[in-house]
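The block underneath contains the structure these notes are about, expressed in structure tokens.
Both ligands and their constituent atoms are indexed starting at 1 by order of listing. Excluded from the calculations below are hydrogen atoms, water molecules and symmetry mates; all remaining heavy atoms, backbone and side chain alike, are included.
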Amino acid sequence: MKTGLRTRIEIIQGDITKLKVDAIVNAANSSLLGGGGVDGAIHRGAGPQLLEYCRRLNGCPTGEAKISPGFNLPAKYVIHTVGPVWRGGNNNEEKLLANCYINSLLIAVENRIRTIAFPAISTGVYGFPLESAANIALTESKKILDDNNMIDKIIFVCFDVYTLRVYEKLIESVLP
Ligand code: AR6
């Protein structure tokens, strides 16, 4: 079982917009109307149709998720989730970040998505401490993979080598 889970979680360094998976997850803001970081890159890759589509989604509360087509991206879908802004740690940030992973994966299951890639949600502009964020990402994903056979693979896409090293270190304790 452990070995099975380990083959269903992959950690790579790269640009999430280049991945040909069923769905990539966007670290969006609650307007869902684009921004910087990975959000900006996803909107650039998908083209203007994504913004047009997102206008009709009426935003998204922190911790929740909404789905759109991938338009010009290699990925078929984009799941937009809104991570918490780090405000020192006493404002429910950990629970809200866990909800991002849980709700994105539940939407994936509902849409029969088998391969899904996540960026390190909230760890850029939103300032969430990386080690704690990566731990939440890995722990929540493991729980859903344990309970569910629909998802074949979750890929954690680390933009820089420092993030990659943190995920690689933590996976050893989450999936020993
Ligand atoms: N592929 C993978 N990861 C990326 C990419 C990419 N192309 N580009 C950046 N990252 P951030 P947040 C990494 O700031 O902290 C936006 O303006 C980045 O290095 O994109 O959740 C939204 O509109 C970092 O590790 O998202 C919101 O307003 C991670 O993605 C706000 O930023 C997340 O960094 C959300 O902030």
Which pairs, with at least one residue in residues 161-176 and sequence neighbours excluded, count as a salt bridge (charged side-chain N to carboxylate O under 4.0 Å, His left out)? Arg6-Glu172, Glu131-Lys169, Arg165-Glu168
Need the ligand 1 atom indices (1-based, order shown) with element for anything under 4.0 Å from a heavy-atom of [X].
X	value
Thr123	15 (O), 24 (C), 25 (O), 29 (C)
Gly35	17 (O), 23 (O)
Asp15	1 (N), 6 (C), 7 (N)
Ala27	21 (O), 22 (C), 26 (O), 35 (C)

If you count heavy atoms of other groups shown closer than 6.0 angstrom to NZ of Lys76, is the number above 12? no
Provide the full list of side-chain hydrogen bond (donor to acceptor under 3.5 Å, both in side chains) pairs with a residue in residues 36-64, sequence neighbours left out, each pair given once.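 Found Asn26-Asp39.
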Heavy atom of Gly14, distance to ligand 1 below 4.0 Å: yes
So between [options], whose heavy atom ends up nearest [atom]?
atom	options	value
atom 21 (O) of ligand 1	Ala134, Ser122, Gly83	Ser122
atom 22 (C) of ligand 1	Asp160, Val25, Asp39, Leu32	Asp39
atom 8 (N) of ligand 1	Ile16, Val38, Asn26	Val38
atom 4 (C) of ligand 1	Phe118, Tyr162, Phe159	Phe159

Quick check: does Val125 get an N/O under 3.5 Å from an N/O on ligand 1?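 Yes.
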